[in-house]
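Accompanying notes for the structure given below.
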Amino acid sequence: MQASPTRSFRWASTSVRILKGEKPADLPVLQPIKFELVINLQVAKALKLVVPDKILALADEVVE
């Protein structure tokens, strides 16, 4: 899943402020609003991990 354009814009605007000379300590702290759980079953299998069904049911996205 890709980051939304709005979130990307906010992050980019913070980076521009740093490049223009503003001190990072003076910038507001950005906290995530939403967390996403994405499980890649192919990688899990390659690592010989067993993903419980309950975790798969909770995942926002399952990549096979």
Side-chain angles (χ1 to χ4, degrees):
M1 220 175 249
Q2 300 260 343
S4 74
T6 305
R7 284 188 275 174
S8 298
F9 177 74
R10 287 184 188 147
W11 182 86
S13 66
T14 301
S15 300
V16 169
R17 290 171 67 180
I18 292 171
L19 291 174
K20 288 184 177 181
E22 195 165 344
K23 294 179 184 176
D26 295 337
L27 297 174
V29 176
L30 301 175
Q31 296 182 353
I33 297 171
K34 180 181 176 185
F35 293 92
E36 295 178 5
L37 175 60
V38 179
I39 299 173
N40 187 324
L41 291 176
Q42 187 176 8
V43 172
K45 183 178 178 181
L47 295 172
K48 298 181 181 175
L49 299 174
V50 176
V51 182
D53 290 337
K54 285 186 178 182
I55 300 296
L56 289 173
L58 291 172
D60 295 309
E61 182 178 351
V62 178
V63 179
E64 294 188 33

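Leu49 belongs to a hydrophobic cluster with Val43, Leu47, counting contacts under 4.5 Å between side-chain heavy atoms of Ile, Leu, Val, Met, Phe, Trp and Tyr, direct or through other members. Within the hydrophobic cluster formed by Ile, Leu, Val, Met, Phe, Trp and Tyr side chains joined at under 4.5 Å, directly or through other members, Leu37 is accompanied by Ile39, Leu41, Val51, Ile55, Leu56, Val62.
The salt bridge (Lys or Arg N to Asp or Glu O under 4.0 Å) pairs that include a residue from residues 40-59 number zero, where partners must be two or more places apart or lie in different chains.
The side chain to side chain contact (heavy atoms under 4.5 Å, CB included) search around Leu19 returns none, not counting sequence neighbours.
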Anything under 3.5 Å between a donor and an acceptor, one on a side chain of residues 20-29, the other on a protein residue two or more places apart or in another chain? List them.
unit_1, atom_1, unit_2, atom_2, d
Glu22, OE1, Arg17, NE, 3.2
Glu22, OE2, Arg17, NH2, 3.0

